[in-house]
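None of these values were measured; they are calculated from a predicted model. Positions are given from 1 along the sequence.
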Amino acid sequence: MQDEKYDVKEETAQIPPEEIPEEMTVEEAFAELERLIGKMETEGITLEESFACYEKGIRLVRFCNERIDRVEKKVRILRGEGQPEAGFPEEELP
């Protein structure tokens, strides 16, 4: 029985694996991850579709980790707990 919420026949994921828009927010990435998990939990998904979802999910997790790390660095700098790393763009600081 296939979950009606997710159509396995549709494109495996909305974001091509190599393309995560720079303007995507962490919240949007988490929403896409939830969608991919739901798709992978459906019956009738092929191994190839499942692997494509997994691959896209890994890329999204890496994207989220990078964004969260960037925010944590900014917070540390603003709190006086750290110094900007070499190459850290000053324009990213408030």
Item to check | Heavy-atom side-chain proximity of Thr46 to Glu49 below 4.5 angstrom | outcome: yes
Heavy-atom donor-acceptor pair, [X] side chain to [Y] backbone, under 3.5 Å:
{"X": "Glu41", "Y": "Gly38", "result": "no"}
{"X": "Arg67", "Y": "Met24", "result": "yes"}
{"X": "Glu28", "Y": "Thr25", "result": "yes"}

Checklist entry - Shared ILVMFWY cluster between Ile20 and Phe30, side chains joined below 4.5 angstrom? => result yes
Next on the checklist: Assigning hydrophobic clusters by single linkage (Ile, Leu, Val, Met, Phe, Trp, Tyr; side-chain heavy-atom cutoff under 4.5 Å), is Met40 placed with Leu33?
Outcome noted: no
Checklist entry - Measuring from Glu32:CD to Arg59:CZ, what's the distance to the nearest 0.5 Å? => result 13.5 Å
Next on the checklist: Pair Leu60, Leu36 - check side chain to side chain contact (heavy atoms under 4.5 Å, CB included), show working.
Outcome noted: CA-CA 10 Å; Leu60 286 166; Leu36 290 171; 3.8 Å; yes
Next on the checklist: side chain to side chain contact (heavy atoms under 4.5 Å, CB included) for Ile77 and Lys74? Distances and angles first, verdict last.
Outcome noted: CA-CA 5 Å; Ile77 291 167; Lys74 288 180 188 178; 5.8 Å; no
